[in-house]
Amino acid sequence: MANFAKSRVPRFSAEVYQNPYLPEGGREVHAIISVTATGGGTTGGRPVPAAGTGGPAAGVVIMVDRSGSMDHPPAKLRGAREATAAALDTVRDGVRFAVVAGNHRAVEVYPGGGRLAVAAAATRAQAKAALRALTAGGGTAIGSWLRLTGRLLASAELGIRHALLLTDGRNEHESPRELRAALDACSGAFTCDARGVGTDWEVKEVTGIASALLGTADIVADPAGLAADFTRMMEAAMGKEIADVGLRLWTPLGAETVFVRQVAPTVADLTGRCRESGPRSADYPTGSWGDESRDYHLCLRVPAAGIGREMLAGRVSLITSAPDGDPARRPPQPLSQGLVRAVWTDDVAAATAIHPQVAHYTGQAELAQAIQQGLDARKSGDTDGATAKLGRAVQLAGTSGNEGTAKLLAKVVDVVDTATGTVRLKAKVAEADEMTLETRSTKTVRMKK
């Protein structure tokens with residue numbers, strides 16, 4: 001594996017896009033906060049400390065489904081083994097890692113003993129040898145996999161804690177409440193990317209796991225594509241340079257937060273995840289970062305004021321409680337900040353204008369919602385409702401330039417007119433195509449600035 005000569009810590013910048021003008025008595029303020037981290041390098045900017053040298057390190061656990069359905073066809077389990085081996089080849093020297101196999105219970109495949117191994121040529125070879133003995137059988141209880149992963153990642157002092165999860169079936173051997181409890185226990189302890197292989201798994205289940213643990217979710221319909229997908233996921237995980245980044249929102253007396261949403265690269269509602277961090281201040285988790293950009297949509301409600309008045313409606317800061325070189329014990333450190341303003345005016349044109357960034361991401365959020373509602377209506381037999389919602393989705397994808405989503409929609413509906421959203425439901429739709437659209441419905445395109 002490559003050696004990395006010098007540590008580079010990402011630098012954060014926050015840009016605010018909004019129309020600050022409100023009519024007399026107006027109260028709602030919308031803003032897009034565009035956050036960019038640069039300088040870390042997503043292909044290995046940070047050298048991982050060697051075992052025993054102290055300082056924050058990175059840890060990753062791969063969870064592989066070994067339930068009985070993984071043997072139908074056998075290509076699924078074979079693909080899972082190959083994908084895990086490919087991911088292990090991507091783990092950098094010095095990173096702590098483990099492999100967990102899951103069915104109705106979770107078992108440590110490697111290294112065992114409730115601990116993490118340190119990545120090196122020898123430990124990778126040992127992990128691959130252990131994988132070859134993996135067989136399929138039993139049911140599915142994903143919560144137990146997550147809890148074991150949490151314990152393993154807590155066994156070492158780590159700055160970056162990440163997991164990859166692969167499943168091919170529904171979580172039938174534990175209740176939704178048990179899975180929810182496991183997710184609540186693991187929230188904030190590590191991030192997790194989740195993948196469903198084949199078409200027998202539940203989209204909302206897998207995407208819910210990824211959303212709760214601030215990771216990505218996707219479908220790999222053909223097991224032959226698993227190795228390439230796992231390699232990409234692990235490369236992205238190895239590019240994370242700083243952990244536990246939070247978006248801190250301060251609002252003045254009398255103001256309130258209506259919602260906080262991530263709107264790029266995917267739509268994710270963060271409103272209910274906030275934790276109070278001081279007087280009129282709350283922190284929203286964003287997970288780990290490398291070289292990347294993300295956009296957030298804030299909606300604030302401020303006290304009404306008269307013409308000519310101006311106020312600071314909100315202050316957004318990026319903070320981390322785990323600065324580079326510190327084992328997550330210091331108070332949160334500010335990384336960057338942006339200001340959201342409110343100005344009351346009698347200029348009707350100024351007060352009614354919607355900033356293009358706000359309009360674009362409002363449309364992207366509506367697009368994701370329309371797809372979900374349309375597919376749910378289709379599954380329930382509501383043809384008219386499905387046609388209306390998916391037609392609206394086609395229209396929104398076209399106006400926003402979301403070509404990827406437009407192509408996925410075209411596999412579910414026949415598009416008559418994109419501009420008006422006129423569509424016809426296809427009589428026959430491949431299950432993989434419908435699941436792909438549902439899984440990727442929250443992916444957005446960024447508006448060019």
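Excluded from the calculations below are hydrogen atoms, water molecules and symmetry mates; all remaining heavy atoms, backbone and side chain alike, are included.
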Legend entry - Sequence-distant partners of E202, salt bridge (Lys or Arg N to Asp or Glu O under 4.0 Å), two or more places apart: R170
Inset, instruction - Could you tell me which residues satisfy side chain to side chain contact (heavy atoms under 4.5 Å, CB included) with A182, sequence neighbours excluded, listed by chain and number? - result: R147
Legend entry - For N171, all residues meeting side-chain hydrogen bond (donor to acceptor under 3.5 Å, both in side chains), sequence neighbours excluded: E174
Inset, instruction - Could you list the residues that satisfy ring-ring contact (aromatic ring centres under 6.0 Å, His included) with Y296, not counting sequence neighbours? - result: none
Legend entry - Those residues that, when tested against R280, pass side-chain hydrogen bond (donor to acceptor under 3.5 Å, both in side chains) (two or more places apart): none
Inset, instruction - Report the residues that fulfil side-chain hydrogen bond (donor to acceptor under 3.5 Å, both in side chains) with W145, sequence neighbours left out, ordered by chain and then residue number. - result: none
Legend entry - Residues that A212 engages under side chain to side chain contact (heavy atoms under 4.5 Å, CB included), provided they are two or more places apart: R180, L183
Legend entry - Residues which pass salt bridge (Lys or Arg N to Asp or Glu O under 4.0 Å) with D414, listed by chain and number, not counting sequence neighbours: K426
Legend entry - E431: partners by salt bridge (Lys or Arg N to Asp or Glu O under 4.0 Å), with sequence neighbours left out: none
Pairs of donor and acceptor atoms involving the side chains of residues 309-317, under 3.5 Å and at least two apart or interchain, shall be tabulated with distances.
residue, atom, partner, partner atom, Å
E310, OE2, R341, NE, 3.1
E310, OE2, R341, NH2, 3.0

Legend entry - salt bridge (Lys or Arg N to Asp or Glu O under 4.0 Å) against R392, all qualifying residues, sequence neighbours excluded: E366
Inset, instruction - Could you tell me which residues satisfy side-chain hydrogen bond (donor to acceptor under 3.5 Å, both in side chains) with K204, sequence neighbours excluded, listed by chain and number? - result: D376, E438
